[in-house]
Amino acid sequence: QVQLVESGGGLVRPGGSLRLSCVASGRTRYINRMGWYRQAPGKQRELVATITSTGVTNYADSVMGRFTISRDNAKNTLYLQMDSVKPEDTAVYYCNADSTYGAAVESTGRTDWGKGTLVTISS
């Protein structure tokens, strides 16, 4: 079981920058992939970016080239650097962690979520 707490959300002007952080606690040694998801008003939750324990990243097309996901495993912290933000980036941003337990043939996994942090892009 992993607990995730996001921070860094707030009001930012279009074109500005913001960095979100997510601190993980609990059974962090079993975390494999971590990611950021977002949910805009009236829309479904969507993937923003993910990063594996070895640093392999994946980005949604909508944020490619503008956002950067990273993690500091020693600090159990996930980051999302948001640059050149747009009004359509406005959403609640959620931190996610996928964990795997046990040997491959009998492994179990689980996904944990933070409660989210609100990012508003407005002039």
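As a basis for the values below, the full set of heavy atoms in this structure was taken, side chains included, without hydrogen atoms, waters or symmetry mates.
Taking each heavy atom of Ser123 and Pro14 in turn, the nearest pair found is N-CD, 3.7 Å. Across Ser107 and Gly102, no two heavy atoms sit closer than the pair CB-O, 3.9 Å. The two atoms that bring Gly35 and Ile69 nearest to each other are CA-CD1, 4.1 Å, heavy atoms only. Smallest separation of non-hydrogen atoms from Ala97 and Leu4: N-CD1, 3.8 Å. Between Leu118 and Ala91 the shortest heavy-atom distance is CD1-O, 3.7 Å.
Under the 4.5 Å side-chain heavy-atom criterion for grouping Ile, Leu, Val, Met, Phe, Trp and Tyr, Ile51 is connected to Leu18 within one hydrophobic cluster. Under a hydrophobic clustering in which Ile, Leu, Val, Met, Phe, Trp and Tyr are joined whenever their side-chain heavy atoms come within less than 4.5 Å, directly or via other members, Met64 and Phe67 fall into the same cluster. Tracing side-chain contacts under 4.5 Å through hydrophobic residues (I, L, V, M, F, W, Y), one never reaches Tyr37 starting from Val2; they form parts of separate clusters. Val92 and Met34 fall into different hydrophobic clusters, where Ile, Leu, Val, Met, Phe, Trp and Tyr are joined by side-chain heavy atoms under 4.5 Å apart, directly or via other members. Tyr59 and Trp36 fall within a single hydrophobic cluster, where Ile, Leu, Val, Met, Phe, Trp and Tyr are joined by side-chain heavy atoms under 4.5 Å apart, directly or via other members.
The stretch residues 18-42 participates, sequence neighbours left out, in these salt bridge (charged side-chain N to carboxylate O under 4.0 Å, His left out) pairs: Arg33-Asp98, Arg38-Glu46, Arg38-Asp89.
Annotation: side chain of Glu6 is not in contact with side chain of Tyr93 (no heavy-atom distance under 4.5 Å). Residues Ile121 and Arg13 have side chains not in contact (no heavy-atom distance under 4.5 Å, counting atoms from C-beta outward).
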Audit row: Thr120, Ser122, side-chain hydrogen bond (donor to acceptor under 3.5 Å, both in side chains) steps and yes/no: CA-CA 6 Å; Thr120 302; Ser122 177; over 6 Å; no

Verdict with supporting geometry, Asn58 and Leu47, side-chain contact (heavy atoms from CB on, under 4.5 Å): CA-CA 9 Å; Asn58 178 55; Leu47 181 145; 4.1 Å; yes

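Here the rule is side-chain contact (heavy atoms from CB on, under 4.5 Å) with Arg71, and of Thr77, Ile31, Thr57, Asn76 only Ile31 fits it.
Side-chain atoms of Thr117 come within 3.5 Å of backbone N or O of Gly9 as a donor-acceptor pair.
With a 6.0 Å radius and a threshold of 12 heavy atoms from other residues, nucleotides or ligands, Arg110 has its CZ atom above the threshold.
In this structure, Thr68 OG1 and Leu80 CG are separated by 8.0 Å, a value rounded to the nearest 0.5 Å. A distance of 6.0 Å separates OG in Ser17 from CD in Gln81, rounded to the nearest 0.5 Å. How far CG of Leu20 is from SG of Cys95: 9.5 Å, rounded to the nearest 0.5 Å. Put simply, OG on Ser25 and CD on Gln1 are 9.5 Å apart, with the number rounded to the nearest 0.5 Å. Atom-to-atom distance recorded for Ser70:OG and Leu78:CG is 7.0 Å, nearest 0.5 angstrom.
For Tyr30, the ring pair (Phe, Tyr, Trp, His ring centres under 6.0 Å) partners at least two apart in sequence or on another chain are Tyr101.
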